[in-house]
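A quick write-up on the structure given underneath.
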Amino acid sequence: MPLLIIKPLANLRNNLIFTISTFALLIGCANANEIQQAEIITDANIAAIVVGANNIDISAGKIALEHSENTLVKNFAERMITDHNAVLDSAIALVTKLGVTPVNNSLVATLAAQSTNHEANLQSLSGNAFDKSYIGHEVAYHQAVIGVIENQLIPAAQNNELKALLVSVLPAFRAHLAHCQMIQQQI
Amino acid sequence: MSFVNEHHAIIKTINFKILFWMVSGLLYLIVQNVESAENSFKLTQHNVEISGFAFVPKKLEVKPGDTITWVNKDIVPHNIVESIDQSVISPDLATGETYTFVVKKPMVYHCGLHPSMKGKLSLTLVP
């Protein structure tokens with residue numbers, strides 16, 4: 001009988017953690033967007049954002065591979081590591097060719113801080129609570145990054161090859177978003 | 001009497017001409033139908049490009065025995081999985097790799113690594 005009470009309470013707690021962390025991410029990105037609107041985004045900033053955004057998702061994927069026991073979640077995490085490494089390699093090759101040295105800005109700092117908090121939270125979770133938090137964050141993260149690329153980075157990019165790279169990575173982010181939304185329905 | 005013979009000769013000539021044109025017409029129709037049937041059953045090689053996280057074209061009309069070649073032009077691996085019974089059609093295809101498959105039946109498929117990528121092979125009706 002106590003289990004019947006504890007399980008719903010545990011679910012409620014996990015859902016609250018997920019909701020709060022997702023909300024925090026979106027608020028964080030919204031604030032980052034506001035900050036960015038006041039700043040001029042250079043190609044060097046874009047390079048830093050692309051590198052940072054991919055590294056953040058690779059890092060979270062590695063934690064998920066270690067912590068999750070769910071095949072769907074582990075496969076997704078593996079996919080994030082492979083795909084974001086490929087995008088990262090492609091971005092690094094381009095900025096090297098263009099002679100652009102990545103320069104961090106406030107958005108990179110915001111994303112990095114959120115990632116640190118999210119990873120600390122993930123490390124404290126296990127089982128279904130971990131899966132829900134990881135996948136829930138992946139949904140919010142991909143939505144936020146797609147928004148930033150479409151609305152800020154592509155319009156700001158000065159170099160045509162850098163702009164083309166940003167356009168070409170959007171389908172990958174959209175496919176990842178659809179994938180994690182599918183998993184979210186099943187866990 | 002010579003009038004009758006002459007009349008018969010004329011009729012024979014006319015009949016022969018009619019017969020000639022009928023046989024020629026028939027042969028022409030047979031040749032046309034054979035060519036048409038050959039074209040209908042001629043097997044086709046189709047190419048599907050995997051780019052921008054999509055199968056291009058997404059839908060294809062094919063005949064049993066046709067071949068499909070998928071070529072991965074994305075920077076990440078993709079594969080082909082039959083969507084109904086989840087059978088794996090191709091291994092993971094790295095950038096630039098291709099996989100060729102002989103069509104036996106209509107098929108709905110997706111990328112097993114990125115499930116939102118979907119494609120369809122429909123069978124064309126052969127006359």
Side-chain angles (χ1 to χ4, degrees), chain A residues 50-51 54 57-58 61 65 70-95 97 135 138-139 142-143 145-146 149-150 154 161 163-187, chain B residues 46-62 68-101 103 105-122:
Chain A
V50 171
V51 170
N54 280 291
D57 219 29
I58 291 166
L65 269 188
N70 184 306
T71 308
L72 288 175
V73 174
K74 285 173 89 82
N75 287 346
F76 177 78
E78 203 171 327
R79 194 55 26 222
M80 291 308 100
I81 294 168
T82 304
D83 288 3
H84 284 289
N85 264 316
V87 173
L88 191 59
D89 288 347
S90 171
I92 289 171
L94 178 63
V95 296
K97 177 189 154 193
I135 293 296
E138 285 297 296
V139 170
H142 280 87
Q143 283 171 334
V145 170
I146 289 167
I149 293 174
E150 279 181 328
I154 291 173
E161 284 186 80
K163 199 185 277 278
L165 174 81
L166 294 168
V167 171
S168 74
V169 299
L170 271 175
F173 280 90
R174 290 196 185 109
H176 292 166
L177 173 61
H179 193 174
C180 56
Q181 282 173 327
M182 272 184 222
I183 297 170
Q184 197 174 37
Q185 302 293 318
Q186 299 173 54
I187 58 173
Chain B
H46 305 271
N47 293 314
V48 176
E49 192 173 294
I50 308 172
S51 61
F53 280 69
F55 296 107
V56 185
K58 189 176 180 178
K59 295 177 184 175
L60 265 181
E61 291 218 335
V62 296
I68 311 289
T69 297
W70 287 277
V71 56
N72 183 12
K73 294 200 171 177
D74 268 344
I75 59 170
V76 302
H78 294 292
N79 65 20
I80 314 295
V81 174
E82 212 274 350
S83 300
I84 307 296
D85 62 14
Q86 300 296 316
S87 57
V88 177
I89 303 294
S90 83
D92 291 0
L93 304 174
T95 306
E97 284 188 336
T98 62
Y99 185 78
T100 300
F101 171 79
V103 179
K105 56 180 186 176
M107 186 172 93
V108 179
Y109 66 90
H110 63 274
C111 170
L113 307 175
H114 309 96
S116 62
M117 294 170 57
K118 293 172 181 166
K120 187 177 181 180
L121 306 178
S122 305

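Naming: A, B, ... by sequence-line order, numbering from 1 per chain.
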| Counting heavy atoms not belonging to A/K163, are there more than 12 under 6.0 Å from its NZ? |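 Enclosed: over 12 neighbouring heavy atoms sit under 6.0 Å from NZ of A/K163.
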
| said: Does B/K120 have more than 12 heavy atoms from other residues, nucleotides or ligands lying within 6.0 Å of its NZ? | reply: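 Open.
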
| query | Relative to chain B, which segment of A/S90 carries a heavy atom at a distance below 4.5 Å: side chain, backbone, both, or neither? | reply |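 A/S90 touches chain B through side-chain heavy atoms alone.
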
| task | Could you look at A/V169 and say if it's the side chain, the backbone, both or neither that has a heavy atom under 4.5 Å from chain B? | result |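 For A/V169, there is no contact with chain B at all, as no heavy atom is under 4.5 Å.
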
| field | Close side-chain approach of B/S116 and A/M182, heavy atoms under 4.5 Å | value |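 In short, these two side chains touch, coming nearer than 4.5 Å.
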
| message | Could you measure the distance from the CD1 atom of B/I75 to the CG atom of A/L165? Nearest 0.5 Å is fine. | response |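 B/I75 atom CD1 to A/L165 atom CG measures 7.5 Å (nearest 0.5 Å).
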
